[in-house]
Protein chains: 2
Amino acid sequence: MRPLVHPAIEDITVEGILHVLSDPVRAAIYASLAASESARTCSNFLQMQDKEIPKSTLSQHFRMLREAGLIRSERHGVEMRNTSRCQEVDQRFPGLLGAIMQAHAQQCAQKQAAKSDG
Amino acid sequence: MRPLVHPAIEDITVEGILHVLSDPVRAAIYASLAASESARTCSNFLQMQDKEIPKSTLSQHFRMLREAGLIRSERHGVEMRNTSRCQEVDQRFPGLLGAIMQAHAQQCAQKQAAKSDG
DNA sequence: TTAGTAGTTCCAATGTCGTGAACTACGGGA
DNA sequence: TCCCGTAGTTCACGACATTGGAACTACTAA
């Protein structure tokens, strides 16, 4: 098992962040982690947005989030604890994550409204 | 030649915007358009960031920017005039583009500083 | 030692991207 | 009207990324 890679704060790139958050599943995972007080395991996310996510796909998503510098992952026994690195990232790119998360939230709200309209 | 596709403002998605701006060349094109008072043609961008961009690649980049809703393109005779749709997009996702552009600018400045350091 | 849980790796199918070559579309002479 | 040059597009294909099932590792508890 290869070791977990976390980039140093100065190696985090805007392109990396945008690319990783341009996937709706990863954006949802990240939003949930950023909003959460405590760490969350991968298996917390096996079902999202009304569908099952295969374990292997989920594992890749977490790796991408980690290697883009958006989350920190630590193995604790059999499970993995994930937390958002939002404070660090916000220091490097002030306001970026906030704006993206807000836009995502707004889009989700709009989708919900459209759905209940029929 | 297929007609130019511009999504309606309500069909623009966050994922689309993030994906399209996660490419450094497209981000640079968009930043330049957004900063520009008047429309710019595609061939304005045949060389960017110290390298030549092939015409076909450039054409794809513009198509992606257009279909994500970030720019508006109009054919005028033999050339294409491109303008940013930043006001519309900012109305839909307030602050998003500003934050992304600011982060990009900061990263570019940092790269420049590192380069002149040696 | 065995069983169970959490997550990872491998691999094949599929999708996306970048690019050269050939193409379309338009305008301006001759 | 025909031809040429310019601006940009489309096509086709190789390179690379993503997905997800099967098999795997790593750890815990009984």
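Numbered from 1 within each chain, the chains take letters A, B, ... in sequence-line order. Because the structure is a prediction, the values reported are computed rather than measured.
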Measure the spacing between [atom1] of [X] and [atom2] of [Y] and express it to the nearest 0.5 Å.
X      : Y      : atom1 : atom2 : result
B/I100 : B/S22  : CD1   : OG    : 10.0 Å
A/Y30  : A/H104 : OH    : NE2   : 11.5 Å
B/E67  : B/D11  : CD    : CG    : 12.5 Å
A/L65  : A/I71  : CG    : CD1   : 5.0 Å

- [ ] Walk along DNA chain C from 5' to 3' and tell me the first and last nucleotide with an atom closer than 4.0 Å to a non-hydrogen atom of chain A.
- [x]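 Reading along DNA chain C, I get C/dT5 to C/dC10.
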- [ ] Apply the side chain to side chain contact (heavy atoms under 4.5 Å, CB included) test between A/L70 and each candidate in A/L97, A/I12, A/L33, A/I29; give the one that qualifies.
- [x]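 That would be A/L97; it is the only one of A/L97, A/I12, A/L33, A/I29 passing the side chain to side chain contact (heavy atoms under 4.5 Å, CB included) with A/L70.
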TODO: Determine whether B/Q106 and A/F93 make a side-chain contact, defined as any pair of heavy atoms from C-beta on separated by less than 4.5 Å.
DONE: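 Touching, per the 4.5 Å side-chain cut-off.
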- [ ] Would you check if A/I9 and A/Q91 make a side-chain contact, meaning some heavy-atom pair closer than 4.5 Å?
- [x]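 A/I9 does not reach A/Q91 side chain to side chain.
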TODO: Indicate yes or no for a side-chain donor-acceptor contact from A/Q107 to the backbone of B/V14 under 3.5 Å, with no hydrogens or angles considered.
DONE: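 Looks like yes, one N/O pair under 3.5 Å.
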Open item on the list: Tell me whether the count of non-hydrogen atoms from other residues, nucleotides or ligands lying under 6.0 Å of CD in B/Q102 goes above 12.
Closed with: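 Not buried by this count: 12 neighbours or fewer within 6.0 Å.
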Task: Crowding at CD, A/Q49 (>12 non-hydrogen neighbours, <6.0 Å) - done: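 Yes.
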Open item on the list: If we count only N and O atoms by modelled type, under 3.5 Å, do the side chains of B/Q110 and A/E10 hold a donor and an acceptor together?
Closed with: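 Result is no, nothing qualifies.
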Task: B/R66 and B/S73: side chain donor to acceptor below 3.5 Å - done: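 Side-chain D/A pair, B/R66 to B/S73: present.
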Open item on the list: Looking at every non-hydrogen atom in both residues, tell me the closest pair between A/R85 and A/R72 and how far apart they are.
Closed with: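 That would be NE-NH2, 3.3 Å.
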- [ ] Map A/K55 and B/T57 onto DNA chain D by nearest heavy atom, then report which one ends up closer to the 5' terminus.
- [x]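 The residue whose closest nucleotide sits nearer the 5' end is B/T57.
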- [ ] Specify the separation, in whole Å, of atom CG of B/L58 and atom P of D/dT10.
- [x]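 Result: 14 Å.
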TODO: Provide, to the nearest angstrom, the distance between the CE atom belonging to A/M48 and the P atom belonging to D/dG20.
DONE: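 After rounding, the gap between these two atoms is 14 Å.
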Open item on the list: For B/T41, give me all partners under side chain to side chain contact (heavy atoms under 4.5 Å, CB included), at least two apart in sequence or on another chain.
Closed with: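 Here the qualifying residues are B/S43, B/N44, B/E79.
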For nucleotides 13-16 of chain D, print each protein N/O atom paired with a nucleotide N/O atom at under 3.5 Å, atom names and distance only.
none

TODO: Mind running side chain to side chain contact (heavy atoms under 4.5 Å, CB included) on A/R63 and A/L4 for me, showing each step along the way?
DONE: CA-CA 8 Å; A/R63 188 167 64 84; A/L4 302 178; over 6 Å; no
Task: Close residues, residues 74-86 of chain A, relative to DNA chain C [heavy-atom separation under 4.0 Å] - done: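 Residues of residues 74-86 of chain A under 4.0 Å from DNA chain C: A/R75, A/V78, A/E79, A/M80.
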Open item on the list: Tell me which residues in residues 36-45 of chain B lie within less than 4.0 Å of DNA chain C, going by non-hydrogen atoms.
Closed with: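 The stretch gives none, as no residue of it lies under 4.0 Å from the strand.
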Open item on the list: At a heavy-atom distance below 4.0 Å, what parts of residues 59-71 of chain B sit against DNA chain D?
Closed with: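 Those residues are B/S59, B/Q60.
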